[in-house]
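First listed ligand is number 1; within each ligand, the first listed atom is number 1. In this chain, numbering begins with 1 at the start of the sequence shown.
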Amino acid sequence: MAHALIVIDLQNDFCPNGALAVAGGDDIVAPINALMGQFDAVILTQDWHPANHASFASNHTNAAAFDVTQMPYGPQVLWPDHCVQGTKGADFHADLHTDRADMIIRKGYRPQIDSYSAFFENDRTTPTGLEGYLRTRSITTLTLVGLALDYCVAFSAVDAARLGFDVRVRRDACRMIDLDGSMAQALAAMTQAGVRLEPAHG
Ligand code: VGL
Ligand code: ZN
């Protein structure tokens, strides 16, 4: 019975001055570093898109960033180009203690499908392989932190709970994008899936 810390997408493009900046994204780096020593395993996720990724508004005609489009797998927000493989924006925040990570899992590398969740791509069925990694290491409990609370953190938390993991989200160590009710929807989905939000009130 091991407990892992999963740090979601703490990358330059989601921090202030990044291509898809999340307000206060860099405020959580030091608190997350401080948490790492309390867990049996530390896992980092890395959003890792090719330049021709279908989630980028720039790859669609007559589309603007934050529009919603219909993909074969359902609705998809179109984002500004971000976390392009091999760019500075895709690197982890320079102060994040990446040396402490046992495992780094990349996602969103297939041109035609986005992957918010660390477990399944946005068709909700193509696995990333993280579940197998956790199970073979006897990890049963997960604490999630990182960016963004209303997208990649929430999708990862819901999928993990559905897979039967005991899932907690430290929302003081997360920051949100906050598009049109995205936070309310994410909180409802996490609560319904049985994710424990910590601190309970906040
Ligand atoms: C994310 C939008 C697009 C995230 C990633 O990490 O929450 N959001 N790609
Ligand atoms: Zn992305």
Inset, instruction - To the nearest 0.5 angstrom, please state how far the CG atom of D166 sits from the CG atom of L142. - result: 8.0 Å
Legend entry - Q192 atom CD: more than 12 heavy-atom contacts under 6.0 Å: no
Inset, instruction - Could you tell me whether R171 and E198 make a salt bridge, using a distance below 4.0 angstrom between a side-chain N and a carboxylate O? - result: no
Inset, instruction - Return the orientation label for the W79 and H82 ring planes: parallel under 30°, perpendicular over 60°, tilted otherwise. - result: perpendicular
Inset, instruction - Identify whether the distance between the nearest side-chain nitrogen and carboxylate oxygen of K107 and D114 falls below 4.0 Å. - result: no
Inset, instruction - Examine the side chains of N122 and Q76 and answer whether a donor and an acceptor come within less than 3.5 Å of each other. - result: yes
Every pair of nitrogen or oxygen atoms between ligand 1 and the protein that is under 3.5 angstrom apart - can you list them with their distances to 0.1 Å?
unit_1, atom_1, unit_2, atom_2, d
ligand 1, 6 (O), D9, OD2, 2.7
ligand 1, 6 (O), L147, O, 3.3
ligand 1, 7 (O), A148, N, 3.0
ligand 1, 7 (O), C152, N, 3.1
ligand 1, 9 (N), D47, OD2, 3.1
ligand 1, 9 (N), H82, NE2, 3.1

Inset, instruction - Tally every protein N/O/S atom whose distance to the Zn ion (ligand 2) is less than 2.8 Å; waters are neither shown nor counted. - result: 3
Legend entry - Presence of salt bridge, D26 and R175, under 4.0 angstrom: no
Inset, instruction - Consider only side-chain N and O atoms of T69 and H60, and report whether a donor and an acceptor are under 3.5 Å apart. - result: no
Legend entry - More than 12 heavy atoms of other groups within 6.0 Å of Q185 CD: no
